[in-house]
2 protein chains.
Amino acid sequence: MEEDVKEGASDKYSLRGRVFSRLREDILNGKYEEGVELREIAIGEELGVSRTPVREAFRQLELEGLIRIIPNKGAYVVGISDKDVRDIYILRSRLEGLAARWAVDHITKEQLEEMEENVYLAKFHTLKGHTEQIFELDNRFHELLYEASGSKILEHQLKDYHQYVLRIRKKTLSSKARGPQSNLEHEAILEAIKNKNPDDAERLAHEHMINAYKNMIDNGLIKPEEK
Amino acid sequence: MEEDVKEGASDKYSLRGRVFSRLREDILNGKYEEGVELREIAIGEELGVSRTPVREAFRQLELEGLIRIIPNKGAYVVGISDKDVRDIYILRSRLEGLAARWAVDHITKEQLEEMEENVYLAKFHTLKGHTEQIFELDNRFHELLYEASGSKILEHQLKDYHQYVLRIRKKTLSSKARGPQSNLEHEAILEAIKNKNPDDAERLAHEHMINAYKNMIDNGLIKPEEK
DNA sequence: GCCCGTTTGATTGTATACAATAATACACGT
DNA sequence: ACGTGTATTATTGTATACAATCAAACGGGC
């Protein structure tokens with residue numbers, strides 16, 4: 001039962017890793033609002049650890065831009081704004097297109113099989129309205145796409161963005177209309193990859209993101225770009 | 001003489017910040033080769049600090065993917081491969097295109113003026129063959145473009161990539177042919193932004209990266225994609 | 001001689017102690 | 001009453017002490 005062989009820089013078994021993951025989720029889920037000050041001792045007591053792992057987690061969160069540390073003063077939550085979310089979707093639309101294009105040449109047999117299984121399972125859970133499973137399968141589909149791109153850099157980047165918009169994605173996929181439509185689009189991307197058609201793969205993955213973006217706006221999940 | 005008002009998460013006045021910057025440069029410049037083990041105490045002694053700031057720097061480097069930390073074992077240099085560099089240039093070609101497009105609408109008068117000055121100065125230093133200044137001006141031109149995009153997310157991302165390929169860029173810009181050509185391309189991008197032409201701006205910024213990419217390959221600075 | 005368990009050393013993970021810094025409160029003088 | 005300088009306190013920055021873990025050396029049994 002080998003488990004967690006990769007574990008990309010989060011390390012859920014160390015205190016520091018747990019503090020980092022927890023704080024990150026809490027910020028991305030909106031538990032800590034913009035501008036809130038995070039005190040090392042308070043966070044440490046809340047999670048039952050000393051300042052050391054908390055500090056290390058803070059430094060990582062700062063690098064990700066989720067908090068801002070002012071030297072000798074404190075750590076303040078930055079979080080992500082509606083504009084950030086919109087920007088991320090535009091960036092993702094371009095980069096996921098690239099990932100799909102590259103995946104055509106680099107996907108392994110195992111990855112392809114898991115993708116097919118993923119789409120098949122998602123169809124089932126969509127019918128049943130199992131939102132939690134739909135969310136997890138959507139997560140996995142995109143992760144698979146990133147891994148299949150064969151680019152460590154691109155994979156790393158897209159996984160970050162994927163995490164960042166976690167809260168909004170949860171809402172989006174729960175919608176009666178978007179959930180099923182999203183899975184149909186996954187299926188189309190998968191078909192293009194199977195058929196070794198990079199242009200279609202890129203275009204479909206690009207459109208997939210644009211559609212998700214439009215859905216967000218149309219359902220008022222985030223406010224549209226002001227001009 | 002206000003200085004370092006922004007200081008994006010590096011903090012050069014704390015020990016941790018200095019250790020981080022130093023290690024990052026050393027890895028990106030190739031001082032520490034792939035697979036080398038970094039010991040907290042050794043690095044600490046080398047830089048005259050204790051383990052604490054070194055550990056915090058390690059955690060940040062891990063998040064950036066420049067080292068890999070195996071729990072209870074050690075930290076190993078990952079660095080960036082030739083493939084990573086190639087991938088980054090492809091990603092940059094797309095994202096810098098986007099930055100240039102967005103800059104058309106978001107650039108401030110001050111940023112525009114500094115860009116014009118930048119291009120003008122670069123022309124001078126190119127004639128004189130001042131490679132160090134050319135490098136700094138190239139740095140600044142791209143940073144300005146990122147800032148002018150008006151997107152915190154995109155700016156953050158592109159600055160990271162820009163840092164990552166620092167070593168290769170130093171070599172590239174020193175070449176007799178690429179230095180002047182690069183500046184001409186900067187000028188063209190600037191013109192498109194001034195003329196409020198997003199399509200041209202995007203296309204030119206995209207081509208600028210592709211040209212830099214081709215130059216790298218043609219001059220044997222990195223090995224081409226194997227197929 | 002080889003295999004396997006134990007011991008030992010080195011290194012990281014965590015907690016705490018101490019130093020430096022910054023914000024606030026307070027007292028003093030005007 | 002107001003401003004200024006100082007003292008106090010809270011918080012972060014850094015160093016060190018201790019615990020846990022891993023790996024390699026060692027030694028006994030076969």
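Convention: sequence-line order gives letters A, B, ...; per-chain numbering from 1. This one's a predicted model, so the numbers in the text were calculated from it and none came from an experiment.
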Quiz prompt | Nucleic acid footprint by protein, nucleotides 5-16 of chain D - heavy-atom cut-off 4.0 Å, B for base, S for sugar-phosphate alone | solution = ------SBBBBB

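Without hydrogens or angle criteria, A/Gln60 side chain to B/Arg59 main chain gives a donor-acceptor distance under 3.5 Å. Remark: the backbone N or O of B/Leu66 is not paired with any side-chain donor or acceptor of B/Arg24 at under 3.5 angstrom. Panel note: side chain A/His125, backbone A/Glu132; no donor-acceptor pair is recorded below 3.5 Å.
Side-chain atoms of B/Gln111 and B/His106 form no donor-acceptor pair, as typed in the model, at a separation below 3.5 Å.
Relative ring orientation between A/His186 and A/His142 is described as perpendicular, the plane-to-plane angle rising above 60° on a 0-90° scale split at 30° and 60°.
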